[in-house]
Amino acid sequence: MTANFSEKPTPLTELHDSLFERRQIRVWIKRDDLNHPLIQGNKWHKLKYNLQAAKKQGKSTLLTFGGAYSNHIAATAYAAKSFDFQSVGMIRGDELAGKPERWSPTLKTAHQNGMQLKFLSRQSYRLKASPDFLDELKQQQPDAYVLPEGGSNDLAIKGFEPLMQELEQQSPNWTHLLTATGTGGTLAGLIKYAKNHPDDSTTRLIQGVAVLKQGEALLPQIRQWLNHKSAVKWQLLTLYHDGGYAKLSNPLQILKSQFESQHQIPLDPVYTIKMIHAFYQQVEQGAFPSGSQIILLHTGGLQGNAT
Ligand SMILES: *Cc1c(COP(=O)(O)O)cnc(C)c1O
């Protein structure tokens, strides 16, 4: 089975809420969750040019890193299958080795899609996912194309160029763009390929909402990906992690169900719900000036709803 790299634009759907009317703002959600069922949302953008590079370099295997609930692991396994690569997933947590009955739905699906899973203790995982070790790994396994944890590298960031062009066509006057942030690769890609507002006196702001604690730690890497340049303002919001990665409090579970039933749009429990929460909090605080045209990027991750 060999898939192809062509892409259809995903819908940009306006959200209606009396709160938005009162604040005189307009809000859209960019439905990138609809781009692919398993190589979904931002994971497709991040993988696309890496897959092409791996093919060009004649690699037979994709090798990458992630936790038991990683959308990147699920996406890489499926992408490998679709584009005729073998795949190896180095998974954080050796307590899962040899115990497939305890695997998360993410790991089970990845395994069904042909990914060979190797479980590492948390300590050796930390070591092996480090940049130095990745270089060593590339030398030891010349057939493998090695992707870092979360799939964020320079080619991943370049994958957001077509998305930003698409948004510019669909909504030339946008003022704000929000995304959920894990490694910061997606945020860096959006910022890097964002243009000024066509009306020079209007500023644009891109916000990343960190889903893990200590999000500030991502900033040096994000600045490096950006080469310290950007045409728009941007910020990383670090107070909306709701207890940490993959933690979801009751109030956020309720917000998730309310949003899903009001707008008939599914969210994922790890990433997009935290972006939506940060958005509503700011609307309530009056943080968006009247006249704002706000885009919420749905980065996908819906496979994480499987229990
Ligand atoms: C992986 C993921 C993110 C985080 O992307 P980064 O580029 O690592 O910041 C955001 N949303 C969803 C749904 C994801 O699966």
Side-chain angles (χ1 to χ4, degrees), residues 10-35 37-38 40-43 67-72 74 104-107 109 150 176-184 186-187 205-216 218 235-288 290 292-307:
T10 57
L12 183 70
T13 308
E14 185 156 11
L15 299 180
H16 296 283
D17 189 317
S18 54
L19 177 63
F20 305 158
E21 280 167 35
R22 262 180 279 135
R23 295 283 182 198
Q24 297 181 298
I25 58 176
R26 291 182 70 186
V27 182
W28 289 264
I29 188 161
K30 174 66 173 164
R31 295 294 307 276
D32 256 12
D33 56 312
L34 297 176
N35 65 352
L38 274 166
Q40 200 176 59
N42 64 342
K43 299 302 183 281
Y69 298 92
S70 163
N71 294 326
H72 167 67
S104 63
T106 301
L107 292 183
T109 311
H176 296 75
L177 173 61
L178 277 74
T179 187
T181 294
T183 61
T186 300
L187 177 62
L205 175 63
I206 300 185
Q207 293 183 324
V209 179
V211 304
L212 13 74
K213 286 187 188 168
Q214 273 121 36
E216 320 73 63
L218 303 172
Q235 50 189 202
L236 180 67
L237 306 180
T238 55
L239 299 177
Y240 295 100
H241 57 70
D242 198 40
Y245 183 74
K247 303 247 163 69
L248 199 59
S249 64
N250 269 333
L252 260 70
Q253 285 175 25
I254 293 167
L255 177 65
K256 181 173 184 287
S257 320
Q258 276 174 349
F259 181 94
E260 290 174 334
S261 64
Q262 184 182 350
H263 299 292
Q264 294 298 307
I265 294 171
L267 299 173
D268 84 292
V270 178
Y271 291 99
T272 48
I273 178 57
K274 293 186 184 175
M275 180 271 293
I276 293 291
H277 177 232
F279 163 68
Y280 276 102
Q281 291 277 302
Q282 295 184 90
V283 175
E284 272 157 23
Q285 293 156 9
F288 300 110
S290 71
S292 293
Q293 301 200 14
I294 303 162
I295 299 174
L296 309 172
L297 178 62
H298 196 315
T299 42
L302 298 177
Q303 69 93 22
N305 280 322
T307 45

Participant: Mark yes when over 12 heavy atoms from residues, nucleotides or ligands other than Q214 sit less than 6.0 Å from its CD; otherwise mark no.
Facilitator: no
Participant: Which pair of non-hydrogen atoms, one from A74 and one from T106, has the smallest distance, and what is that distance?
Facilitator: CB-CG2, 4.0 Å
Participant: With side chain to side chain contact (heavy atoms under 4.5 Å, CB included) as the test, would you mind laying out the steps for F259 and I29 before giving the verdict?
Facilitator: CA-CA 12 Å; F259 181 94; I29 188 161; 4.3 Å; yes
Participant: Judged by atom type as modelled, is there a donor-acceptor pair below 3.5 Å linking the side chain of S104 to the main-chain atoms of L107?
Facilitator: yes
Participant: Between the side chains of S249 and D242, does any donor sit under 3.5 Å from an acceptor?
Facilitator: yes
Participant: Where do V27 and F279 land on the side chain to side chain contact (heavy atoms under 4.5 Å, CB included) test, with the steps shown first?
Facilitator: CA-CA 10 Å; V27 182; F279 163 68; 3.7 Å; yes
Participant: Write down the atom of E284, the atom of L19, and the distance for their closest heavy-atom approach.
Facilitator: OE2-CD2, 4.2 Å
Participant: Measuring from atom NE2 of H176 to atom CZ of R26, what distance do you get when rounded to the nearest 0.5 angstrom?
Facilitator: 15.5 Å
Participant: Any chance you could measure L178, atom CG, to I294, atom CD1, to the nearest 0.5 Å?
Facilitator: 7.5 Å
Participant: To the nearest 0.5 Å, what is the distance between OG1 on T13 and NZ on K30?
Facilitator: 9.0 Å
Participant: Could you tell me which non-hydrogen atom of D32 sits nearest to which non-hydrogen atom of N35, and how far apart they are?
Facilitator: O-OD1, 2.8 Å
Participant: Give the minimum heavy-atom separation between N305 and P269, together with the two atoms involved.
Facilitator: OD1-CD, 3.1 Å
Participant: Please round to the nearest 0.5 Å and tell me the distance separating atom CG of D33 and atom CG of N42.
Facilitator: 11.0 Å
Participant: Carefully, step by step, assess T183 and H72 under the rule side chain to side chain contact (heavy atoms under 4.5 Å, CB included).
Facilitator: CA-CA 11 Å; T183 61; H72 167 67; over 6 Å; no
Participant: Not counting sequence neighbours, which residues clear ring pair (Phe, Tyr, Trp, His ring centres under 6.0 Å) with H277? List them please.
Facilitator: Y240
Participant: May I ask you to decide if G301's main-chain N or O and Q40's side chain share a donor-acceptor pair within less than 3.5 Å?
Facilitator: yes
Participant: Would you compute the distance between atom NZ of K274 and atom CG of L255 and round it to the nearest 0.5 angstrom?
Facilitator: 12.5 Å
Participant: Check E260 against I265 and note the closest heavy-atom contact, atom names and distance.
Facilitator: CG-O, 3.3 Å
Participant: Measure from the side-chain N and O atoms of Q253 to the backbone N and O of L248, and report whether any donor-acceptor pair falls under 3.5 Å.
Facilitator: yes
Participant: Can you see which heavy atom on Y245 is nearest to which on Y69, and at what distance?
Facilitator: OH-O, 4.3 Å
Participant: Could you give me the CA-CA distance, side-chain angles and deciding distance for L296 and L15, then say whether side chain to side chain contact (heavy atoms under 4.5 Å, CB included) is met?
Facilitator: CA-CA 10 Å; L296 309 172; L15 299 180; 4.0 Å; yes
Participant: Atom CG in L267, atom NE2 in H298: separation rounded to 0.5 Å?
Facilitator: 5.0 Å
